[in-house]
Structure formats: structure tokens, C-alpha cells
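My structure is below; once you've seen it, I'll send some questions.
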Amino acid sequence: MNKLHLRLLALGLLVLGLGTTWYKVSVIGLPLERDAQTEIWTVEARITLNADDGPTQVGFAIPNNPPGFNVLGEAFVSGRFGLARESDGINRTALWTSRRSSGNQSLYYRIQLADDRADEPITVGAAPEFPERPDYQEPYASAVEALLDEVRAESADIASFTRRLLLRYNSDEPGENVEVLRSGAEDDLEHTRNIIHILAGARIPARPVKVLELSDRLSRGSLKTYFEVHNGTEWVPFNPRSSQRGYPKNAVVWQWGDDDVLRLSGANNASVQFSSAVSAREAVRVAEQRAAQRGSLLMDFSLFNLPIQAQNTYRVLLLVPVGALVMVLMRNVVGISTFGTFMPILIALAFRETQLAWGIFLFTTVVAFGLAIRFYLENLKLLLVPRLGAVLVVVVLLMAAFSVLTHQLGLDQGLSIALFPMVILAMTIERMSLVWEEHGPGQAITQGLGSLAVAIVGYLVMFQPMVEHLVFTFPELLLVILALMLLLGRYTGYRLTELWRFRHLIMNKGAP
Amino acid sequence: MIGWFRKLRDAGVLGMNHRNAEYIMPYNPRCNYPLVDDKIISKQRAEEAGIRVPRLYGVIEIEYQIRGLEKMLGDRKDFVIKPAHGSGGNGIMVITGAQHGRYRRSNGMLVTLEELGHHISNILSGMYSLGGQPDCAIIEQRVEFDPLFEQVSYRGVPDIRTVVFKGVPVMAMVRLPSRMSDGKANLHQGAVGAGLDMGTGRTTTAVHMDRYIDLHPDTGAPIAGLQIPNWDDLLELAARCHELADLGYLGVDIVLDRHEGPMVLELNARPGLSIQLANRASLLHRLRRVEALESIPRSSRERAELARKLFAASQPPEPQIVQCA
């Protein structure tokens with residue numbers, strides 16, 4: 001029962017930790033690798049116009065949470081125009097107004113987009129009414145009738161109906177009916193309107209959509225027209241030319257509906273040109289913005305929101321549990337004896353600043369000198385606490401002397417000795433000298449080397465850039481570590497060193 | 001590597017993790033630890049129960065009392081100073097005599113009264129206690145050990161360690177000090193451990209620093225075949241200690257005094273595992289057999305008898321034990 005309880009608890013922690021991590025990776029898009037980059041699209045629309053004398057007003061549709069993308073930021077360059085933004089629930093509009101401007105004017109709109117992994121249905125705008133069946137003129141009417149009848153026979157639902165219709169309409173060898181329908185609708189917009197008009201004959205609600213197809217280093221691009229049909233629950237997009245269902249990955253929905261993208265008053269000769277470029281950015285930052293946009297609280301409560309200084313502290317603090325796990329493994333599974341339970345972790349933390357080789361050198365030097373002085377103090381027969389204090393003073397003096405000496409020699413690494421936890425060093429020296437006296441130098445040196453070895457392993461594990469990144473980005477992984485520790489807490493198997501200790505019991509088994 | 005682990009398990013070796021998780025934690029309630037960790041309390045309880053222990057000469061609780069040490073000692077020249085909360089035999093100073101106004105330690109060194117005082121003040125400041133807490137120093141009778149072990153120990157006091165599980169003695173060994181252990185009877189400090197046949201009380205196999213030996217490393221005398229006198233009484237004494245502390249998994253250290261017979265020196269709530277090496281036998285198998293018992297007799301004599309019956313060397317579960325002449 002007790003064991004089951006523990007296992008369930010550990011399982012719960014594992015699921016919680018790994019589940020949150022999974023959510024953060026797959027939905028919010030936090031990177032598992034360090035320094036991971038995400039592609040960012042920068043899209044710019046340049047509006048040029050020739051303003052008349054007198055007041056001018058420019059309305060320009062701008063994207064409203066385009067499906068498949070996250071908006072990371074947008075900017076306007078308005079010149080002498082005043083800027084207002086409006087939204088009608090489906091589209092957003094930038095409204096530039098000027099009381100007095102004349103001549104050629106340029107306005108810019110820039111938006112930054114990142115891919116959104118989540119594939120969600122398009123439900124922008126209220127569910128539409130079924131359109132009235134239009135009064136078609138002959139011979140148009142009978143052509144529509146015939147086409148719709150043919151398509152109806154081949155399809156199952158609204159989406160497949162639309163697709164069949166498009167395939168027939170766009171066919172290279174159109175029948176007579178389609179020829180009749182196609183005539184007079186050559187450009188994109190007319191083409192799409194025509195299709196929507198035909199769909200209305202089957203009472204299928206549809207709307208045109210203006211889309212920008214992104215490509216790297218696009219300049220002088222323009223919007224393409226797609227359309228969406230409503231199947232009762234969501235809008236299903238189609239490409240009216242290729243008959244493909246859905247938006248391609250690089251298509252940004254710029255505006256829904258039939259309105260013009262650019263509306264002017266008091267100006268003429270207006271045109272819009274689109275350009276786009278792709279760049280890479282730190283995936284963590286992008287994920288943050290993405291989470292903010294999705295209204296996910298997870299990133300609000302993430303460590304990335306702390307001031308940088310606190311972040312740096314936590315980058316180190318979060319590694320301590322990793323070190324503790326190493327410690328638990330080394331002591332309970334491997335069976336190395338060390339001075340003090342967690343002393344090696346603190347030494348490992350100090351190694352981070354000193355670098356490994358120097359750290360080992362400095363540590364052994366200070367402990368060796370400290371031990372020598374501790375043995376001298378033993379002759380003076382001091383009480384425990386004052387003696388510890390005295391060792392501490394000596395350790396600090398040693399560290400200072402060492403720094404000064406190495407600095408004089410031009411070795412700046414020697415300065416980093418100041419980062420060693422001196423109280424820990426003093427305690428280590430004290431304990432080591434006790435073990436030395438009571439159990440002999442062999443034991444003391446074994447335990448000293450054991451502590452050093454565990455510190456080195458701890459350092460190597462804790463300061464893997466990968467480990468550092470993972471625990472900071474996904475602090476919930478500490479729950480996994482907690483679960484592992486709970487399980488190790490009930491580990492009743494042998495320690496590795498016990499293989500050696502009881503080796504005779506195995507090897508001489510059966511023999512006298 | 002896995003194969004090695006399996007071999008250890010097949011041999012029934014009790015590992016440290018297993019001992020802590022399956023025996024010490026469930027059978028030894030934490031609240032009873034002070035009864036054995038504090039030697040003053042355990043001495044008192046033993047005396048009340050009529051179990052013989054080394055006589056207490058005095059307790060020093062605060063630094064100031066060290067000044068009265070000379071008066072407290074009087075003309076005693078034969079005593080032991082130990083911390084009340086010591087562990088692993090640390091901080092024990094054995095004085096065997098006096099010479100030129102100085103005291104002679106068991107290792108032959110002469111110490112002054114002042115050095116004794118320093119040692120006591122170290123004890124008081126918690127140098128030898130678990131967790132470094134302030135401690136008391138005990139001054140007690142030095143056991144004059146039975147000449148039985150004279151040939152096989154180098155100074156110090158040999159003792160008999162018995163592991164008592166749920167009141168039943170399961171395994172025992174004699175711990176013989178060596179030059180390496182500096183007169184101490186702890187195996188990890190270099191003492192010799194000699195296994196005891198639970199049925200007869202004779203020494204069997206021996207181990208020193210994890211190596212199997214037949215002769216004492218310092219004196220060269222053979223270790224096997226020594227008969228512990230009054231073995232039955234000694235086992236019963238060990239079994240009785242179970243009632244003193246209500247610890248299910250208990251180590252009892254008994255010394256044989258030349259004049260006064262067996263005395264309980266110390267109780268231990270976390271007895272070590274080297275006893276398996278000394279006996280070349282599995283502790284786990286024996287613990288399992290006790291766990292499998294339907295009922296355990298109430299009287300300590302019956303429990304000792306049960307132990308002799310269950311774990312005598314002629315019993316089938318331990319073919320590796322050497323039968324001595």
C-alpha cells in the first residue's frame with residue numbers, strides 16, 4: 001500500500017512535469033535545443049497616393065489574427081497623417097487622415113509574423129445566412145442549373161461539392177455550360193465572384209478572401225483572391241484557380257469579404273505594394289509572444305519574465321536539484337562516501353566560476369594548506385567552535401594570499417578562488433582532519449577524493465549547456481527530478497561499492 | 001555488472017539501502033533512538049532491568065565541571081571517557097593506569113590531566129556526536145577483558161556484537177581490536193571481526209579490512225575455534241536488550257569482564273553490515289526466517305534458545321560456514 005502510494009505520487013509528478021513540458025514544446029513552441037531559432041516573416045505594405053488639396057482619408061485593411069500565424073508586432077509609418085485603427089469583428093482597418101496634404105504621399109504598414117503550429121478551424125465572423133438563390137439570366141441560368149446538378153450528383157458535403165464545382169469550372173476541357181459561365185470573368189476577383197455567384201445557386205454561403213502569399217525577398221507583391229465556404233460550423237478556404245482546399249503555409253489572410261483593401265477619399269492614383277522577407281529569431285522570445293497572444297498564463301508565470309539579474313540567479317539555482325540528483329545517485333546507488341551531504345554540489349557550483357581544472361587545483365591547494373594549519377591548531381588544544389572560526393580565518397587569508405600571488409604572476413584565474421564557499425571549505429577541512437585522526441589518512445584521503453570526484457561529476461552534469469537550458473526553460477522538469485528522488489528513496493538494491501565490499505561473499509560462495 | 005548484482009542477491013547479502021529501507025525504518029521507531037543513542041539513558045534503563053553494565057563514575061555536562069575532573073577521578077587510574085552520544089566508537093579514550101602524575105592510555109601514550117580536560121571539552125562541544133550537537137561526557141568503569149581473547153587482540157577491549165531482530169538474536173561476531181584500529185573494536189577502523197556459531201558460541205571465520213583471514217594480523221594467533229564461556233547466558237542477555245529499547249533491529253555490544261562476566265557495553269540502532277563478512281553468511285536469509293515465524297516467544301530465554309536452534313552452523317541454510325574443531 002505504502003509502496004503503491006509512493007509510486008502513484010511519483011507517477012503523478014512525472015506526468016505533471018513531462019506533460020507541462022510537452023505542452024510548452026508542442027503548443028507554445030518553446031525550443032528543446034539551446035539557441036533554437038524560429039522563422040519570422042516581416043511583411044511590409046507600401047501605399048503611395050497623390051493627395052488632392054484639402055482633407056484626405058485613407059482606409060487600409062490590415063490582417064486580423066491571420067490563421068496559421070502569430071502576430072509578433074506591427075508598426076505604421078504615417079508621415080503627416082493621423083492614425084486610427086478600427087475593427088468590425090472580422091477585419092481591421094488602419095485609418096489615416098490628414099486635414100491638409102497634397103502631392104505624392106507614402107504610408108507604410110509593417111507586420112511581423114511567426115508560424116503558429118496549432119491548426120485551428122476558421123470561425124471568424126458570425127455564421128452566415130443561406131444566400132437567396134439569384135435570378136440568373138438565360139442562357140446563364142440553365143448553364144448554372146446543369147452544372148450544379150452534375151456536381152451535386154458527385155459530392156457528399158459542402159466542401160466536396162465546392163471542390164467538384166471548382167474542378168469542373170477550372171477544367172482544361174470545359175463543357176459548353178462552363179464556357180458560358182466563364183465568359184467575361186477573367187481577372188482573379190471576377191473569377192472568384194463568379195464562383196460565389198454560382199455557389200449561391202446551391203444556397204452555399206461563401207465569401208472572397210484577400211490573401212498575401214509570402215516568399216523571401218518578395219517585393220512589389222500583390223494580394224491574391226481566395227474564397228471560403230461555410231459548411232455549417234467553420235469556414236473552409238479554397239483556392240479558386242488551383243481548386244486546392246485550404247491555405248498554403250505561406251498564405252496570410254489579409255482581408256475577409258468583398259470590400260476593397262484600400263479605400264480613399266480626397267486622393268487619387270493610389271497603389272499598394274507588398275514586400276516580405278524571412279529572418280530568424282530566438283525561438284524562446286517568439287514562443288513568449290505566441291503564448292501572450294493565445295492568452296496562455298503559462299508564460300506569464302515563466303522565469304523569463306523576471307528581471308535579468310534574478311533570471312541569472314535562477315539559472316544557477318535551478319541546477320542545484322540536478323546536482324542533488326547526482327548526489328543521491330552517487331551516494332545511494334554508487335555508494336561513494338563524501339564529506340557532508342551536499343558539500344560537493346556547492347564545490348561544483350564554485351567550479352562553474354573557476355573552470356574545472358583551476359577549480360580542482362584551487363580546491364586541493366586550499367584544503368591541503370588548511371589541513372596543515374588545522375593540525376598545528378590541534379596542538380594548541382582549542383575548543384571546537386573557536387577552532388572552526390580559526391580555520392575559517394585561515395582559509396580566507398589563504399584565499400586572499402592566493403589571489404594576490406596569482407595576480408602578480410599574471411594568472412587571472414587565481415582571482416576566481418574568491419567564489420569558493422569558504423565556510424564549506426572550513427568545515428571540510430575540520431571534518432577531514434577529524435577523519436584523518438580517527439580513521440587514518442587513508443580514509444580521509446579516500447573521502448576527500450570521493451567528494452572531489454562527486455563534485456566533478458556534478459559539475460559536468462549540471463553545467464551541460466543543454467541541462468542548463470532545459471531546467472530554466474522547463475522548470476517543471478524539477479518535478480521529474482523530484483519523482484526520481486522519491487523512487488530512489490525506496491531503492492533497496494545494492495550499491496555499486498558493495499559489490500567490492502562483499503566480493504568475497506560472492507566469489508568464495510560454496511568454498512570454505 | 002548486472003550479473004554481479006544478481007550474485008550478491010542470490011548470496012542473500014543485505015545491502016545498506018535495503019537495511020535502511022526494509023529493516024531500520026519500519027522496525028526502529030525514530031522516537032526510541034534516544035534510548036540507545038544516549039548512553040546515559042540506556043545505562044540507567046539497563047541497570048533498572050538488572051542488566052549488568054560498566055559502572056558509571058561520573059558525568060560531565062558543562063565545561064565548568066572539567067575543573068572538578070581531578071576530584072571526580074580521585075585516585076582512579078583505570079577508566080574510560082566517552083561521549084554520551086558518540087557513534088562509530090569515536091571519541092572514546094581508555095585510561096589503563098598512571099605514571100609520573102600522568103595517565104596512560106590503552107595505546108601506551110601518556111596524557112596529562114589537562115589533555116584529558118581538552119578531550120572532554122571536545123566531547124562537550126559536540127565534536128563526536130551525531131550532527132555536532134552539544135554533548136555530555138561519561139566516565140565509566142574500564143572493562144578488564146577476559147583473558148580468553150588475549151592472544152587474538154591488540155590492546156583495547158574485544159566485544160561481542162549480536163544483531164537482535166524482533167528479540168531473536170540472528171547473528172553474532174567477536175570484534176577484536178588490532179594495531180590498525182588503535183584499540184577500537186570497529187571493523188571499518190581496522191578491527192578484526194570473527195564470526196560466531198550461534199549454536200555453540202565458537203568463533204569460526206574471520207575478516208580484517210574486508211579480507212578473509214585465519215590468523216590475527218598483529219599477534220599471529222589462530223582465531224577460529226575459541227569458545228565463548230556461558231554462551232547461552234550471553235545470548236539471553238542480548239535477547240533481553242530488545243526489551244530495553246523496543247527496537248526491532250538492534251545491535252547489542254557485550255564485553256566479557258574478567259571478574260564480573262558479560263556486560264552490555266552499548267546498544268546500536270543501526271548496526272553495520274560487516275557482520276556478514278565475518279560470518280561469511282547472509283543476514284538477509286536469517287532475517288527472513290525470523291520474519292516468517294508465526295509467533296515469537298515472550299521470554300528471552302526461549303528466544304535465545306530459538307536462535308540457537310534456527311541458526312546453528314549445522315543447519316542446512318548455511319553450508320558456507322566452517323565447522324571448527
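Naming: A, B, ... by sequence-line order, numbering from 1 per chain. Both backbone and side-chain heavy atoms feed into the values below; hydrogens, waters and symmetry mates do not.
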- Task: Please determine, among A:Val333, A:Asn332, A:Thr492, the option with the most heavy-atom pairs under 4.5 Å with chain B.
- Result: A:Thr492
- Atom group of B:Arg19 that falls short of 4.5 Å from chain A, counting heavy atoms: neither
- Item | Partners meeting side chain to side chain contact (heavy atoms under 4.5 Å, CB included) with B:Val111 (sequence neighbours left out) | B:Ile95, B:Tyr103, B:Arg105, B:Glu115, B:Leu116
- Give the member of B:Asp210, B:Leu124, B:Leu14, B:Asn20 that has the highest number of heavy-atom pairs under 4.5 Å with chain A. B:Asp210
- Query: Side chain, backbone, both or neither: which part of A:Arg387 has a non-hydrogen atom closer than 4.5 Å to chain B?
  - Reply: side chain
- Lys/Arg N to Asp/Glu carboxylate O, B:Glu22 vs B:Arg288, below 4.0 Å: no
- Message: Holding to side chain to side chain contact (heavy atoms under 4.5 Å, CB included), I want the full list of residues that pass it with B:Glu114, two or more places apart in sequence or in another chain.
- Response: B:Thr112
- List the steps, then state whether salt bridge (charged side-chain N to carboxylate O under 4.0 Å, His left out) holds for B:Asp197 with B:Arg202. CA-CA 5 Å; B:Asp197 172 14; B:Arg202 275 194 207 129; over 6 Å; no
- Message: Can you tell whether the side chains of B:Asp253 and B:Arg161 come within less than 4.0 Å, N to carboxylate O?
- Response: yes
- Message: Please classify the contact between A:Arg490 and chain B as side chain, backbone, both or neither, with a heavy-atom cut-off of under 4.5 Å.
- Response: side chain
